[in-house]
Protein chains: 2
Amino acid sequence: MSSIGITAPAGFSAAALPAGIKASGNPDMALVVNNGPEYHAAGVFTRNRVVASPVKLTRRAVADGRLRAVLYNAGNANACNGVQGDRDADELQRRTADLLGMEPDDVAACSTGLIGELLPMDKLRDGVDRLAGDLGDHGHAAAEAIMTTDLVAKETWVEGDGWVIGGMGKGVGMMAPSLATMLVCLTTDASATPEMLDTALRAATKVTFDTLDIDGSTSTNDTVLLLASGASGVTPGQEELNDAVHEACSLLAAQMQADAEGVTKRVTITVEGTGDDGQALNAARTLGRDNLFKCAMFGSDPNWGRVLAAVGMADADMDPEHISVYFNGEAVCVDTTGTPGARDVDLSGVDIEVLVDLGTGGPGRATVRTTDLSHEYVEINSAYST
Amino acid sequence: MSSIGITAPAGFSAAALPAGIKASGNPDMALVVNNGPEYHAAGVFTRNRVVASPVKLTRRAVADGRLRAVLYNAGNANACNGVQGDRDADELQRRTADLLGMEPDDVAACSTGLIGELLPMDKLRDGVDRLAGDLGDHGHAAAEAIMTTDLVAKETWVEGDGWVIGGMGKGVGMMAPSLATMLVCLTTDASATPEMLDTALRAATKVTFDTLDIDGSTSTNDTVLLLASGASGVTPGQEELNDAVHEACSLLAAQMQADAEGVTKRVTITVEGTGDDGQALNAARTLGRDNLFKCAMFGSDPNWGRVLAAVGMADADMDPEHISVYFNGEAVCVDTTGTPGARDVDLSGVDIEVLVDLGTGGPGRATVRTTDLSHEYVEINSAYST
């Protein structure tokens, strides 16, 4: 059994292989199977209203709180392919289910890659057939197969009291969201109801993947799944489960942040002093998406005026005359007025902490992680599909 | 009398000079005076809640629908300077009023430049004194004095039936909004009530300056003023006034778009097929602010998948299975599915037209003008304040 990753928990097997979808010839398909005795599952999906065919399929499949297998492919998102895209996803679901002796509705599918190209179905059919015959302790190979522009495979492992969670993820979500659908698969040998899994997964993603916020672009394919085999025979309490799922998501999110392409700065934005946490999140996101602020971070420029100009447009309670801004713990603006020496604060390091107090004295507080806007970002994203 | 610009209408004079605020030594202060017989005025301001001291002052001054003079300076925004910033703006207002024999409340002020630096008051006091003694037919000099990163002065002129509107503006609003506060001054010799002026100005700015949308960054200083002297003795109808003010604003907005720095593409986005015009505007703005879409435009890449991924996140009614996208009039996506040859559409020209039909059959329609996201944008905006 693997020490980390999706095949670390008892009751899971996986397979991975190169099916020829990626031009590079690298592995690009993976299959994850829950061998039971329980098949409980929960899923969280993109909030984009334009969703890929596999997202539609997987939403339906997991609606009953039960999944036995997940088919992954990289190199093609099967998004915006119309009725043919839906048919292709359904055919692969049925084929996988037939080979594994399951109901089609117990098989989910996740795809990542270019939007608007039909799946090369001959390659995928052949891939499914071979994956079904090669299931084993191949969690790491699966984590490698779902990579697109990721530079490293992302895996994690969290130990509970007599049970464990394993996980894999892909996505360099901070820099290139449309290259970088975020796919995450968590597996656990805990015994937990679908409701427990759903509660834990929603709580965890809200404060981990959902706050890895770059430019508001949200993929058509983002999918986070949590599968529970019950093979440990242990039923954790809801809080214990919540904590472990949160830790697993945090660890994967940190790996995604660390792997962000084109990044020269990792910027952590905390907003406080506003009405509630939701307002604080609005303001932190507004700042994290402001190109002028992000360009200033790229230039190591302590241009706090751009922070005020950005948060001033946010949907959050604020006292416009009493906003304070701190860069790396140093006050650069107090009561909406620059401090002496504010422009001399050193932002030359890779990590920059920004704290904004909106001055109302309210209890709202939230943190968002973002990056700078670099030449490399423009380079990577101006020459993708062609 | 000038043929175009703010001193073209009867009843207006202006002055401009270098006061030493700009490091370049270029002209950086201007004064516009309405010599009557009427002093009616209207103003439209930034929606940012963090506003510069001159914006606070001018909002108060124009609240009674009356202004006799406007003091301009470039090189320093007098924003986020706390109580001292307010005091400085008030002092310059009083000084101008005293010199011109007006009430302080009849004098407005507009500033543009770096945020968070106190005004060099000795230079501005001296500048005010000299401006007051040099009033004349100097509309063009005033238009030059309010430039910051603008490459050309922006002036306009619209003829009514026995009356005219003149105007000047500054702002390369499409590319570098924090460099580029948008300041506009319109003057007219028409006789119109403050209510008529306000109605015309709000209607015009809503579909001109407000749709020149780049990245959602909105300056702390944006101010558009309309002053009416009544010197022509002609009172236009409301619709006639609306049309002329709209034309003047359109002409200045087009000059701002043409002067945008760092732009390699001018992108016009139209959204239709949604619930109402407001929803269409939301979707057009969402697309116009999407960095991945903007990078694709920079790369002349007909990556319509990014259009769908972006509009899918917009607050607008849509039929996610029946969205269509056209680049330069060619259908690249119909019913949320790529067309054959979609990736071969030629986007190599400077102007790109994007049409998105959200597929609901609803009457909503709106257009937003934006630009690509280029290396030069990053360059300009990462090395500004330091």
Side-chain angles (χ1 to χ4, degrees), chain A residues 47-51 77 79-85 114-117 176-178 215-220 289-292 295-296 298-299 301-306 308-313 318 320-321 323 333 335-338 342-343 373-375 377-386, chain B residues 47-51 77 79-85 114-117 176-178 215-220 289-292 295-296 298-299 301-306 308-313 318 320-321 323 333 335-338 342-343 373-375 377-386:
Chain A
R47 291 181 309 280
N48 203 307
R49 279 187 281 175
V50 176
V51 299
C80 303
N81 284 333
V83 174
Q84 189 59 47
L114 194 63
I115 294 176
E117 300 279 335
S178 86
D215 48 16
S217 301
T218 301
S219 159
T220 50
R289 290 174 186 174
D290 188 84
N291 281 350
L292 292 163
C295 283
F298 174 57
D301 178 1
N303 192 338
W304 56 267
R306 291 188 181 170
L308 293 191
V311 299
M313 292 301 290
M318 65 188 74
E321 302 292 333
I323 299 173
C333 169
D335 291 340
T336 318
T337 307
R343 300 208 186 264
L373 179 54
S374 68
H375 286 300
Y377 178 97
V378 174
E379 196 61 37
I380 292 169
N381 288 299
S382 60
Y384 176 54
S385 80
T386 52
Chain B
R47 290 180 310 278
N48 204 307
R49 280 187 281 176
V50 176
V51 299
C80 303
N81 284 331
V83 175
Q84 190 60 46
L114 195 62
I115 294 177
E117 299 279 334
S178 88
D215 48 17
S217 301
T218 302
S219 158
T220 50
R289 290 174 186 174
D290 187 84
N291 281 350
L292 292 163
C295 284
F298 174 58
D301 179 2
N303 193 336
W304 55 268
R306 292 189 181 170
L308 293 192
V311 300
M313 292 300 290
M318 65 186 74
E321 302 293 333
I323 300 172
C333 169
D335 291 340
T336 317
T337 306
R343 298 204 187 267
L373 179 53
S374 67
H375 286 301
Y377 179 96
V378 174
E379 197 60 36
I380 292 168
N381 288 300
S382 61
Y384 176 54
S385 81
T386 52

Requested in this report: Using modelled atom types only, decide if a donor and an acceptor are shared between the side chain of R306(A) and the backbone of L292(A) within a distance under 3.5 Å.
Outcome: yes
**Asked** Quick check: does any side chain N or O of T336(B) sit under 3.5 Å from a backbone N or O of G82(A), one acting as donor and the other as acceptor?
**Response** no
Taking every heavy atom of N48(B) against every heavy atom of S219(B), the minimum-distance pair comes out as CB-O, 3.8 Å
Assert top hit (heavy-atom pairs under 4.5 Å, partner chain A, pool V50(B), V83(B), V51(B)) equals V50(B)
Greatest number of non-hydrogen atom pairs under 4.5 angstrom with chain B, of G305(A), A342(A), C80(A), falls to C80(A)
Here the pair of heavy atoms bringing F298(A) nearest to L373(A) is CB-O, 3.3 Å
Pair count under 4.5 Å, heavy atoms only, with chain A: among D335(B), L308(B), I323(B), highest is L308(B)
